[in-house]
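Structure first, commentary second.
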Amino acid sequence: MANVISLNFEQQKAVTADPGPVLVLAGPGSGKTRVLTQRFTHLITQGIRPNVILAVTFTNRASEEMRERIQSQVDSHIVIRNVGTFHALCARILRNESDSSVVGKDFVIFDSADQRLLIKQAMVDHNVDDARYKLHKIHSTISTAKNDLVNADNFSRDSYYHEIVGRIYERYQYLLHQNNALDFDDLLMNVVSLLQTNPVLSSKYQDIYQRILVDEFQDTNLAQYQLLRLLSGSNRDLFVVGDPDQSIYRWRGADYRNVERFRADYLDTVVIQLNKNYRSTQIILDAATAVISKNHVVNRVKLYSDFHEGEKIVLHEAYDEEDESHYIVKTISDYVANNQLDPGECAVMYRTNAQSRSIEEAFVRAGMPYRLLGATRFYARREIKDLLAYMRVIYNQYDNVSLGRIINVPARGIGSKTLNKLFEYSDTLDMHPVGVILELTEQGLESQHCNAIGQRGSRALISFGLLLRDWIALFEKGEVVSDILDSVVNDIDYENYIENNRNFGADQWENVEELKRVFVGFEDRDFGEILEGIALIADVDTLDNDVAGEGVPVLMTLHAAKGLEFPVVFLVGLNDGVLPHHRSFDEPEEMAEERRLFYVGLTRAKSKIHLSYSFRRWTSGFDSSSIASRFISDIPLDLLLSKSDYIDKSNVNISSKFNMRVKSNVYNDKVYQIELQFQSGQRVIHDHFGSGIVVESKLLGSDEMVIIAFDNFGIKRLVASKANLTLEDD
DNA sequence: AGGCGGAGTGTTTTT
DNA sequence: CACTCCGCCT
Ligand SMILES: Nc1ncnc2c1ncn2[C@@H]1O[C@H](COP(=O)(O)OP(=O)(O)OP(=O)(O)O)[C@@H](O)[C@H]1O
């Protein structure tokens, strides 16, 4: 054993509990994760083979971290493998059991963008009006159904809306099947039904995974819970840890009542509560407790800590987002300059990914390095998706979504006409389009396919087919996957395409290089595993070991922060409407979840917390609330270094500070100032929309954007120089 | 076929 | 603000 990890009495009790259902219920920082990893190593010292122990987490980052922690505590000849996310576990099972399952071994996993395209397609197929039925909503309705283990056949169509969604759901599943693809939720649902209906497999997996450990149990959804029940089966050896107050994935089907369900389903559950916090100062703990106590739950465990009071929580009101970001960066650099801490000890957390932008800009301006977790995902970038789509088509010729994406990238004369013809024609033959392309390529222009598709289109398709045929040959020959990617990139001259495409900037080719490196890094895995790994990881940071963020502040969403801890935490953008998010205003359950999110944020901190919000915030649309988050007022005043305290100390009062900022804005505007042609209140005439009244007119780049309420066409936004507006004379 | 730009719309959070 | 869609032009 490398290093001895200390445990308190209750923790020890959990770690050494007898086989059987164990539920560790405890608040933040009480050592749940530590207990879980210790349980894993404890089982090994008890002589249990590591391969029959399974540890499940929700995120790849959590998995990787836990795997490393366990690995570091066992003899190095033991390799810890079975630590992973629910989704990765299910993907593995489905690939192994492709004979018994409804999907083939070479299925691909569709990410959210692919899923959307397919649902959109399903809506078109059913003539569903996409203005009335929002894609986003339908997508989430279907996803929720899947997380509740409701398949398309059982989907209750008890309202008109559900009738429509039911049809789309059914069609969507059909299309997924046609693409030989699964979405994230299918991974879980399919394994559950596989194990439910196949007793042989069910007992096989009970033998494989005899001891099961689950982290963040409060965030399991029904599918995941059922999966755990099936996997543990008659072993009944489930060791789960969680904290209902940290449940933040309700919108994804998570149901913290699974904690109660667990106790009800396993009456002999050993329940262990941990109430000592090893992370935060007393002030932080008191503040967090005050905030969460407004959510009513039965017997919440009261946490205590041996730590001293610590520093008060600093609350800062900034003028606008830019000012707020500047404040954050300045505060960090001051700490560093005074040798109070290392930049790597700081974390900045926010509600939405979009908020990272202005913070990043502030870091860049200050010339300070930082690390961003998650956010605009590497794999969601256009150039990366393009290349992955090529790879997916090579691997899975049924992947029409990917085919449609890249068949004309770079442009090779296959437009929407030809594409539609190809797809429709393939349908009539009951073939997959790639099959048709390959046959056409073999047979040349005399092919019957050519008659159906036309000369011009066929020529273009053949030129594509020739490339595709060669790549597929490489794949079938067992060529190293990263070399296939290289061939693709070279054959389509993607570098040239990027250079000549003005929508692409300087970084894109670097991203391609990065993708190549990722593939090289996956060297020992087969094609399917690589694509699967990428689909499920979807976050380059986890792969990027060499930039291991030592010494650099980290930026992340509150969701991504769960399970982590930092000496100094900045919770930013705390405006009412951002946190709590305005979309949760009228759902008490969702509001409670927003509060938990804030609670999670507060409890990440070991010693210092900075809260900030801004007086002025113009997010898209209209919800620019300048009010501080309602949750802030739930923190007792004596724990806060309130904004007036703070500002008094720096000898600046609010209004003079704001005036400064306002002035500098005016100065900036002057540089670009051009004359506005229109003013609100003026009546104007437009060629097409007729007459209307100007609501607002403002600068848009070097042009003027006019918002007009037309008498007969409602409110429109027009660009003055293009819209050919004339003033109506009176 | 394909590129461009204007108009419209709205995505919180993640596997 | 940033994305997608549609129509117009080449
Ligand atoms: N018995 C102990 N003695 C000293 N430190 C401990 C002990 N138990 C846990 N810790 C430390 O407390 C901190 C929090 O532990 P851990 O992350 O396991 O808590 P957690 O309950 O999983 O927290 P959260 O729910 O907030 O994710 C860690 O830094 C851990 O090393």
Side-chain angles (χ1 to χ4, degrees), chain A residues 57-63 84-91 109-113 115-117 120 130-131 134-137 139-140 143 146-147 182-188 219 221 223-224 248-254 321 349-355 357-358 373-377 379-380 382 408-419 456-457 460 501-503 532 535-539 556-562 573 577-584 590 593-594 596-597 600 618-623 688-689 700-701 703 705 707 713-719 721-723:
Chain A
T57 64
F58 280 82
T59 66
N60 298 287
R61 197 173 300 118
S63 286
T85 64
F86 278 101
H87 290 88
L89 169 70
C90 290
I109 298 166
F110 272 6
D111 68 19
S112 349
Q115 293 166 32
R116 288 168 55 91
L117 282 173
K120 208 181 274 177
D130 64 351
K134 296 288 172 220
L135 175 59
H136 176 72
K137 197 167 168 222
H139 191 182
S140 75
S143 175
K146 289 184 175 185
N147 287 147
L182 297 178
D183 67 17
F184 295 124
D185 308 317
D186 286 336
L187 294 170
L188 303 172
D219 274 323
N221 60 36
Q224 289 159 334
I248 54 175
Y249 284 100
R250 194 185 105 92
W251 49 274
R252 209 172 78 176
E321 258 187 286
M349 302 172 191
Y350 35 81
R351 176 66 239 262
T352 68
N353 282 306
Q355 292 171 264
R357 254 184 89 115
S358 76
L373 291 193
T376 317
R377 309 225 186 99
Y379 294 103
R382 175 150 148 221
N408 205 30
V409 174
R412 45 173 82 88
I414 306 172
S416 56
K417 276 259 168 55
T418 307
L419 191 62
R456 189 180 157 144
N501 190 322
R502 79 202 86 224
N503 294 326
E532 174 184 308
L536 293 178
I537 283 173
D539 180 348
M556 71 193 99
T557 62
L558 285 161
H559 283 87
K562 192 166 72 154
V578 178
L579 181 73
H581 199 272
H582 70 273
R583 296 189 84 104
S584 53
E590 284 183 20
E593 178 148 312
E594 296 290 305
R596 292 194 289 269
L597 203 47
V600 166
W618 44 108
T619 29
S620 61
F622 300 79
D623 28 85
H688 180 66
F689 299 124
L700 179 77
D703 212 325
M705 145 101 74
I707 302 176
F713 289 86
I715 293 178
K716 303 279 173 200
R717 298 143 172 268
L718 305 170
V719 174
S721 65
K722 303 284 155 59

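All values derive from a computational prediction rather than experimental measurement. Proteins get letters first, then strands, A, B, ... in listed order; numbering begins at 1 in each.
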Would you tabulate the pairs of protein nitrogen or oxygen atoms and nucleotide nitrogen or oxygen atoms of nucleotides 6-10 of chain C closer than 3.5 angstrom?
none

task: With sequence neighbours left out, write down each residue that passes salt bridge (Lys or Arg N to Asp or Glu O under 4.0 Å) with A:Asp219, or none if nothing qualifies.
output: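 Salt bridge (Lys or Arg N to Asp or Glu O under 4.0 Å) check on A:Asp219 returns A:Lys562.
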
Taking side-chain hydrogen bond (donor to acceptor under 3.5 Å, both in side chains) as the test, write out the residues that go with [X], two or more places apart.
X	value
A:Ser358	A:Ser325
A:His581	none
A:Ser63	A:Thr57

query: Is any N or O donor-acceptor pair between the side chain of A:His136 and the base of B:dT11 shorter than 3.5 Å?
result: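 Pair found.
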
Looking at [X], I'd like to know whether one of its side-chain N or O atoms comes within less than 4.0 Å of OP1 or OP2 on [N].
X	N	answer
A:Asn353	B:dT12	no
A:Lys417	B:dA1	no
A:Ser112	B:dT14	no

Would you kindly give the [atom1]-to-[atom2] distance between [X] and [N], to the nearest whole Å?
X	N	atom1	atom2	answer
A:Phe86	B:dT15	CZ	C1'	11 Å
A:Asn408	B:dA1	CG	P	9 Å
A:Leu373	B:dT15	CG	P	11 Å

Counting side-chain heavy atoms from CB outward, which of [options] is closest to [X]?
X	options	value
A:Thr557	B:dT12, B:dT13, B:dT15	B:dT13
A:Lys134	B:dT13, B:dG10, B:dG2	B:dG10
A:Lys120	B:dT13, C:dC5, B:dT11	C:dC5

Does [X] reach a base, just sugar-phosphate, or nothing at all? Heavy atoms under 4.0 Å.
X	value
A:Lys137	nothing
A:Arg116	base
A:Asp111	nothing

message: Taking the nucleotide of DNA chain B with the nearest heavy atom to each, does A:Leu419 or A:Arg351 sit closer to the 5' end?
response: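 Counting from the 5' end, the first nearest nucleotide belongs to A:Leu419.
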
message: Donor-acceptor check, side chain of A:Gln224 to backbone of A:Leu188, threshold 3.5 angstrom: yes or no?
response: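 Answer holds: no.
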
- prompt: Sequence neighbours excluded, which residues qualify as ring pair (Phe, Tyr, Trp, His ring centres under 6.0 Å) partners of A:Phe86?
  reply: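 Partners of A:Phe86 by the ring pair (Phe, Tyr, Trp, His ring centres under 6.0 Å) criterion, ordered by chain and then number, come out as A:Phe58.
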
